[in-house]
2 protein chains.
Amino acid sequence: MKLTSKGRYAVMALVDLARFDTINPVSLRDISLRQGISLDYLEQIFSKLKRNQIVKSTRGNQGGYVLSKKPNEIKLTNILSAVDEKVKTVQCKKESKKGCNGKATKCVTHNLWDELETHINTFFEKKSLQDLLKNKSERVN
Amino acid sequence: MKLTSKGRYAVMALVDLARFDTINPVSLRDISLRQGISLDYLEQIFSKLKRNQIVKSTRGNQGGYVLSKKPNEIKLTNILSAVDEKVKTVQCKKESKKGCNGKATKCVTHNLWDELETHINTFFEKKSLQDLLKNKSERVN
DNA sequence: TCTAAACTTGACCATTTTAGTCAGGTATGT
DNA sequence: ACATACCTGACTAAAATGGTCAAGTTTAGA
Ligand code: FES
Ligand code: FES
């Protein structure tokens with residue numbers, strides 16, 4: 001089980017954005033440089049964030065992105081689901097009448113994974129961008 | 001973020017094992033049939049479980065596997081880490097002096113992922129095989 | 001003793017996912 | 001007009017996943 005870079009980058013970029021968008025829109029180029037993320041990749045990610053109304057864009061010279069809500073209104077759930085980083089723990093489709101083994105009964109671990117899914121989602125629903133703004137970049141060690 | 005089949009299968013197989021190993025060792029063939037998991041793949045998985053002292057094997061005719069501890073002593077953490085299903089949320093190596101961005105400071109999301117890691121591990125440490133034995137296979141719907 | 005059941009090991013592989021790159025746009029402030 | 005920055009889609013190398021296959025070794029029981 002792991003978290004992919006796409007979700008990680010999305011959160012990093014948004015934290016960066018939240019810190020710098022107070023006056024002007026922030027260009028992806030700046031975020032790319034500050035956070036060390038490929039510009040082209042960032043564009044893909046922001047295209048999704050925009051489709052999900054997490055950011056707004058201004059085109060042209062001096063353009064860039066701005067958060068479309070306040071940091072405390074943007075939950076991690078929103079960010080991660082926007083970039084298709086879904087927490088998928090059960091294997092079966094929940095609506096389906098079949099378990100992940102193709103049989104009519106749920107597999108022996110179904111309930112376990114379902115519980116875990118809830119556990120993780122709860123975490124992501126509680127955390128907002130605001131919470132991440134507090135801890136400024138700390139030294140390693 | 002997702003959980004891979006290897007970890008899922010490992011848990012399924014061990015639950016099956018725990019239910020049937022009361023008298024004789026259980027053969028992988030039986031588990032394979034009951035749980036619908038490829039026999040060859042199960043062998044790979046059990047080889048790891050054995051290396052990590054979660055199961056013991058008996059060779060030869062009528063041989064098979066047995067749990068090496070009681071179900072309540074086997075935590076999910078043990079199972080998952082045995083099959084290399086690690087919960088890895090931070091990108092950087094924790095011991096390293098560098099953050100995941102190659103700089104000397106931790107990235108802005110480091111603390112977040114670290115918290116999440118703890119959150120998930122806590123879940124896996126609380127759950128034991130014993131807990132899974134309770135819920136017998138339930139009907140879907 | 002012979003044999004079949006069962007574990008053991010390691011190599012191999014097809015498919016999918018990931019983490020991007022690249023090449024072309026389009027919009028707009030100055 | 002032109003530089004800056006967003007926008008879109010196609011493409012791809014590399015890694016991970018989810019296995020299969022082949023060739024054993026070990027041991028119970030007939
Ligand atoms: S995870 Fe739902 S039936 Fe196996
Ligand atoms: S996750 Fe540790 S520095 Fe980014």
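The chains referred to below are lettered A, B, ... by the order of the sequence lines, with proteins before strands, and numbering in each begins at 1.
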Hey, can you pull the donor-acceptor pairs under 3.5 Å for the side chains in residues 63-71 of chain B, sequence neighbours left out?
{"from": "B/Ser68", "atom 1": "OG", "to": "B/Gln53", "atom 2": "O", "distance (Å)": "2.6"}
{"from": "B/Ser68", "atom 1": "OG", "to": "B/Ile54", "atom 2": "O", "distance (Å)": "3.0"}

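- For D/dT17, neither phosphate oxygen OP1 nor OP2 lies less than 4.0 angstrom from any side-chain nitrogen or oxygen of B/Tyr41.
- Under the side-chain hydrogen bond (donor to acceptor under 3.5 Å, both in side chains) criterion, B/Lys75 pairs with no residue, sequence neighbours left out.
- Here the P atom of nucleotide D/dC6 and the CG atom of A/Leu49 are 13 Å apart, to the nearest Å.
- Within residues 78-85 of chain A, no residue has any heavy atom closer than 4.0 Å to DNA chain D.
- Between A/Ser38 and B/Phe46, the one whose closest nucleotide on DNA chain C sits nearer the 5' end is B/Phe46.
- Residue B/Ser5 places no side-chain N or O under 4.0 Å from the OP1 or OP2 atom of D/dT17.
- Distance CZ/B/Phe46 to CG/B/Leu28: 5.5 Å, rounded to 0.5 Å.
- Between the CG atom of B/Leu17 and the P atom of C/dA6 there is a distance of 14 Å, given to the nearest Å.
- Here B/Asn78 contributes atom CG and B/Glu125 contributes atom CD; the two are 8.5 Å apart, rounded to the nearest 0.5 Å.
- An OP1 or OP2 oxygen of C/dT18 is reached within less than 4.0 angstrom by no side-chain nitrogen or oxygen of A/Lys6.
- To the nearest angstrom, C1' of C/dT26 lies 12 Å from NZ of A/Lys50.
- If you take CD1 of A/Ile45 and P of D/dC7, they are 15 Å apart, rounded to a whole angstrom.
- Residue-level contact check: A/Val26 touches the backbone only, with heavy atoms under 4.0 Å from sugar-phosphate atoms and none from bases.
- Summarising the geometry, the separation between CG on B/Leu39 and P on C/dT8 is reported as 12 Å, rounded to the nearest angstrom.
- No donor-acceptor pair closer than 3.5 Å links the side chain of B/Asn121 to the backbone N or O of B/Thr118.
- Rounded to an integer number of Å, the gap from CZ of B/Arg29 to C1' of C/dT8 is 16 Å.
- As rounded to whole Å, 13 Å separates atom C1' of C/dA6 from atom CG of B/Leu42.
- Across all strands, A/Ser47 comes closer than 4.0 Å to no nucleic acid atom at all (heavy-atom distances).
- For the atom pair B/Ser128 OG and B/Asn72 CG, the distance stands at 6.0 Å (nearest 0.5 Å).
- Atom P of nucleotide D/dT4 and atom OH of A/Tyr65 are separated by 18 Å, given to the nearest angstrom.
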Reading nucleotides 22-30 of chain D from the 5' end, what letters show protein touch, with B for base, S for backbone sugar-phosphate only, - for no heavy atom under 4.0 Å? ---BBBB--
Sequence neighbours excluded and cut-off under 3.5 Å, please list the side-chain donor-acceptor pairs for residues 33-44 of chain A, or say none.
{"from": "A/Arg34", "atom 1": "NE", "to": "A/Asp16", "atom 2": "OD1", "distance (Å)": "3.2"}
{"from": "A/Arg34", "atom 1": "NE", "to": "A/Asp16", "atom 2": "OD2", "distance (Å)": "2.9"}
{"from": "A/Arg34", "atom 1": "NH2", "to": "A/Asp16", "atom 2": "OD1", "distance (Å)": "2.8"}
{"from": "A/Gln35", "atom 1": "NE2", "to": "A/Asp16", "atom 2": "OD2", "distance (Å)": "2.7"}
{"from": "A/Ser38", "atom 1": "OG", "to": "A/Asp40", "atom 2": "N", "distance (Å)": "3.4"}
{"from": "A/Ser38", "atom 1": "OG", "to": "A/Tyr41", "atom 2": "N", "distance (Å)": "3.1"}

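- A/Thr4 and A/Glu85 are linked by a side-chain donor-acceptor pair at a separation below 3.5 angstrom, with hydrogens and angles left out of the test.
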Start with the C-alpha gap between B/Lys127 and A/Glu115, add the side-chain angles, then the distance that decides, and say whether salt bridge (charged side-chain N to carboxylate O under 4.0 Å, His left out) holds. CA-CA 11 Å; B/Lys127 289 275 173 188; A/Glu115 252 184 86; 3.0 Å; yes
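- The CG atom of B/Leu76 sits 5.5 Å away from atom CG of B/Leu132, with the distance rounded to the nearest 0.5 Å.
- B/Lys126 has its side chain out of reach of B/Asp131: every pair of non-hydrogen atoms, C-beta onward, lies at least 4.5 Å apart.
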The contact string for nucleotides 11-17 of chain C, one letter per nucleotide 5' to 3', using protein heavy atoms under 4.0 Å with B, S and - for base, sugar-phosphate only and none, comes out as B------
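- In this structure the side chain of A/Lys50 never reaches within 4.5 angstrom of the side chain of A/Lys56, judged on heavy atoms.
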